[in-house]
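Remarks on the structure that follows.
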Amino acid sequence: MISISSFAQSTLMQENEDSTINCIAYFSKGDTVEYELSDRSYQLKDNLKDTVVTTDVVEKIRFAVLDSTSKGYRIEMAYTSFENKLKEDTSFQSQLANAMAPVLMKNKVVFTTDEYGSVKRIENWKELRDQLKDFYDDFLDTLFSKKKDKDSDSPKSLLSSVFYMQIATEPNMQKVFDEISQLFGNFGLQFSFGHSSNDESESGYKQHNSSICGYIAENDSDYYDYDDDYFLSFMNKVSIPASDLKKLGMAGLGVLSLDLDEEANDSISKAFDDVFKGRDVNVYQTEDAYYFFNGWPKASVKSKYVTVGDDQIIKSQVQSISWSSRNWNYYSRKEEDTSKSL
């Protein structure tokens, strides 16, 4: 996924200038901040007529600074709550989310950063990997235990292989715990004030990129904000012509080795035309990140959505994280209420 870091002016922290913002962590040992996370996605089905919610997860997570040195920070992330709101959904993803909740709740992720707050590594990734592997083996055994036919062994083996690849390395494990990358991914980068945008077509498709960077305006702030709190905002749009999408779809059927006669091909081709009606398909990726003056993330919203034409959204995923309570050892107001009224 293209990220806001694509607009970073530099990964080297230079002298502060009025025209730039350095995204740097100024944490202290003992700092704790709690967040609430919402991950929701949906898509249109049945010829774009029915809206189906495919993901609806709510989490509460807590970050605690275990150690602070001149070389960086050692931080612990813990899940304090995990709820899949699609509990009755029988889809594979929903059953997996329900089963994984207790595993996440009993584990903590310990990671280290450099002096700017940029994540370097997950210390206990191997331990977490082994526990996730054991969990997934048990989950698949339970899922396929009701299937008596031998053919069920093939999809089970395939699913196991795919999952093991997703957790095989430390970089992959960082993707598993993407809450960390979403909140800490911009540390160590420098951004220019104001608005910037550009258009390109290096990928073969038209792209539009834009970013905004600045301090929180006084009329947008509240009691929980400070002077010098800042925000970063990014948007990327890729436009894919309907004709290309149609070719990709038909080529996909060929890859699946579907032996379709001319009538079936014509029928599928017509279905593409009926859905897209010659309109471009646009893929949007956005990120809005807000920070307290000392670097602690205040909120982050990442979204990816697909539209037919300029207005009909056919698929969307939004993951939002916002702080709910904070306890800073050094940077805090005297006698302030550190829990936000939600």
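Predicted model only: the values in this text are computed from it and were never measured. The analysis underlying the following values was restricted to heavy atoms, covering all of them including side chains, and did not include hydrogens, waters or symmetry mates.
With sequence neighbours excluded, no residue forms a salt bridge (Lys or Arg N to Asp or Glu O under 4.0 Å) with D39. Here K108 pairs with E76 under the salt bridge (Lys or Arg N to Asp or Glu O under 4.0 Å) rule; sequence neighbours left out. Not a single ring-ring contact (aromatic ring centres under 6.0 Å, His included) links Y290 to another residue, sequence neighbours left out. Under the side-chain hydrogen bond (donor to acceptor under 3.5 Å, both in side chains) criterion, Y291 pairs with N186, not counting sequence neighbours. Take Y136 and apply the side-chain hydrogen bond (donor to acceptor under 3.5 Å, both in side chains) test, not counting sequence neighbours, and it matches no residue. Looking at residues two or more places apart in sequence or on another chain, you find no side-chain hydrogen bond (donor to acceptor under 3.5 Å, both in side chains) involving Y215. Residues satisfying the side-chain hydrogen bond (donor to acceptor under 3.5 Å, both in side chains) criterion with H208, sequence neighbours excluded, are D199. Under the rule for a side chain to side chain contact (heavy atoms under 4.5 Å, CB included), D134 has no partner lying at least two apart in sequence or in another chain. For the salt bridge (Lys or Arg N to Asp or Glu O under 4.0 Å) test, residues two or more places apart in sequence or in another chain that qualify with D137 are K133. With sequence neighbours left out, the salt bridge (Lys or Arg N to Asp or Glu O under 4.0 Å) criterion links R129 to no other residue.
Both tests do not hold together for K237 against Y284: distance to the six-membered ring centre under 6.0 Å, angle to the ring axis within 45°.
Separation of atoms CG (L96) and CG (N84) is listed at 9.5 Å; rounding is to 0.5 Å. To the nearest 0.5 Å, atom CG of residue D31 and atom CG of residue N294 are 7.5 Å apart. Between atom CD of residue Q317 and atom CD of residue Q285 there is a gap of 10.5 Å, rounded to the nearest 0.5 Å. Here the straight-line distance linking atom CD of E127 with atom CG of L132 works out to 10.5 Å at 0.5 Å rounding. To the nearest 0.5 Å, atom CG of residue L104 and atom CE of residue M77 are 8.0 Å apart. Taken from OG in S19 to CZ in F193, the straight-line distance is 8.0 Å, to the nearest 0.5 Å.
Listed for the S118 side chain is no donor-acceptor partner under 3.5 Å among the backbone atoms of D114. A donor-acceptor distance shorter than 3.5 angstrom exists from the side chain of T113 to the backbone of Y73, with no hydrogens or angles considered. At least one donor-acceptor pair closer than 3.5 Å links the side chain of Q182 to the backbone N or O of Q319. Judged by distance alone, the side chain of D229 and the main-chain N or O of F293 form a donor-acceptor pair under 3.5 Å. No donor-acceptor pair closer than 3.5 Å links the side chain of Y42 to the backbone N or O of K315. Panel note: side chain Q174, backbone S181; no donor-acceptor pair is recorded below 3.5 Å. Checked by atom type and distance alone, the side chain of Y35 pairs as donor or acceptor with a backbone atom of P297 at under 3.5 Å. The main-chain N or O of N209 is never found under 3.5 Å from a side-chain atom of S197 such that the two would form a donor-acceptor pair.
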Go through it in stages, so that I can follow the logic: the residues are E34 and R326, the test is side chain to side chain contact (heavy atoms under 4.5 Å, CB included), and I'd like the CA-CA distance, side-chain angles, deciding distance and then a yes or no. CA-CA 6 Å; E34 297 187 357; R326 65 194 183 200; over 6 Å; no

With side chain to side chain contact (heavy atoms under 4.5 Å, CB included) as the test, would you mind laying out the steps for V110 and L66 before giving the verdict? CA-CA 9 Å; V110 179; L66 304 179; 4.2 Å; yes

Audit row: N282, D280, side chain to side chain contact (heavy atoms under 4.5 Å, CB included) steps and yes/no: CA-CA 6 Å; N282 300 306; D280 286 355; 4.3 Å; yes

Run the numbers on E123 and R74 for salt bridge (Lys or Arg N to Asp or Glu O under 4.0 Å), then give the verdict. CA-CA 9 Å; E123 280 190 0; R74 186 167 178 262; 3.0 Å; yes

Determine, stepwise, if the pair S303 / T286 fulfils side chain to side chain donor-acceptor pair (under 3.5 Å). CA-CA 5 Å; S303 68; T286 69; 2.3 Å; yes

Is there a side chain to side chain contact (heavy atoms under 4.5 Å, CB included) between I61 and F82 once you walk through the steps? CA-CA 9 Å; I61 49 181; F82 186 96; over 6 Å; no

Does the side chain to side chain donor-acceptor pair (under 3.5 Å) test come out yes or no for Q166 and N172, once each step is laid out? CA-CA 6 Å; Q166 292 176 341; N172 285 355; over 6 Å; no

Does the ring-ring contact (aromatic ring centres under 6.0 Å, His included) test come out yes or no for F111 and F184, once each step is laid out? CA-CA 11 Å; F111 62 97; F184 291 78; 5.4 Å; yes

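At least one side-chain heavy atom of I321 sits under 4.5 Å from a side-chain heavy atom of L183. Side-chain contact between V65 and D67 is absent, with no heavy atoms from C-beta onward closer than 4.5 Å. Counting heavy atoms from C-beta on, the side chains of T32 and F63 never come closer than 4.5 Å. Residues S210 and H195 are in side-chain contact: their nearest non-hydrogen atoms beyond the backbone lie under 4.5 Å apart. Between S196 and S211 the shortest side-chain heavy-atom distance falls below 4.5 Å.
Under the 4.5 Å side-chain heavy-atom criterion for Ile, Leu, Val, Met, Phe, Trp and Tyr, F135 and F144 are members of the same hydrophobic cluster. One hydrophobic cluster, built from ILVMFWY side chains closer than 4.5 Å, holds both L37 and M105. V283 is not connected to V301 by any chain of hydrophobic side-chain contacts under 4.5 Å among Ile, Leu, Val, Met, Phe, Trp and Tyr, and they are in different clusters. Note: the hydrophobic cluster containing Y226 also contains W323 (ILVMFWY, side chain heavy atoms under 4.5 Å, direct or indirect links). No path of Ile, Leu, Val, Met, Phe, Trp and Tyr side chains, each step under 4.5 Å between heavy atoms, connects V318 with M235, placing them in separate hydrophobic clusters.
Remark: K302 does not engage D178 in a salt bridge, criterion side-chain N to carboxylate O under 4.0 Å. Salt-bridge annotation for K156 and D141: present, with a side-chain N of the basic residue lying under 4.0 Å from a carboxylate O of the acidic one.
Just one of I314, T54, V306 meets the side-chain contact (heavy atoms from CB on, under 4.5 Å) condition when paired with Q43; it is T54.
Pairing each heavy atom of S94 with each of L86, the nearest pair is OG-O, 2.6 Å. Of all heavy-atom pairs between A99 and V103, the closest is O-CG2, 4.2 Å.
Residue pairs that meet the salt bridge (Lys or Arg N to Asp or Glu O under 4.0 Å) test with at least one member in residues 53-63, sequence neighbours left out, are E36-K60, R40-D56.
In the hydrophobic clustering, where aliphatic and aromatic side chains (Ile, Leu, Val, Met, Phe, Trp, Tyr) are joined below 4.5 Å either directly or transitively, M165 stands alone.
Counting only N and O atoms by type, the side chains of T20 and S192 include no donor and acceptor under 3.5 Å apart.
For W328 and F27, the distance between ring centers is not under 6.0 angstrom.
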